[in-house]
Amino acid sequence: MSECRWQKSSYSVEGSNCLYVAAGERDTIMLRESEQPEVVLSTTRAHLRTFIRAAKAGQLDHVTEC
């Protein structure tokens with residue numbers, strides 16, 4: 001993976017539990033968390049947009065554990 005320009009989410013406060021995002025190749029968005037920066041999730045812009053809209057609309061409020 002090439003060197004990424006990670007940006008901390010504006011909703012993250014100082015300290016731990018910060019979310020970072022970076023633009024990947026083509027239409028890819030990468031996400032990582034400050035406590036485990038070596039773990040990187042990737043998705044497309046469209047899928048991330050759909051996920052965020054669903055979360056804001058409360059569609060994920062009743063998700064149960066496996």
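The basis for the numbers below is simple: all heavy atoms, side chains too, and nothing from hydrogens, waters or symmetry mates.
Note on Tyr20 and Leu41: separate hydrophobic clusters, where clusters join Ile, Leu, Val, Met, Phe, Trp and Tyr whose side-chain heavy atoms are under 4.5 Å apart, directly or indirectly. Under a hydrophobic-cluster definition in which Ile, Leu, Val, Met, Phe, Trp and Tyr are linked whenever side-chain heavy atoms come within less than 4.5 Å, directly or via other members, Val39 and Met30 are assigned to different clusters.
Judged as a side chain to side chain donor-acceptor pair (under 3.5 Å), the pairs with a partner in residues 38-48 (not counting sequence neighbours) are, in order, Asp27-Arg45, Thr44-His47. Each salt bridge (charged side-chain N to carboxylate O under 4.0 Å, His left out) pair with one or both residues in residues 53-66, not counting sequence neighbours, would appear here, but there are none.
Shortest non-hydrogen contact noted between Val40 and Trp6 is CG1-CH2, 3.9 Å.
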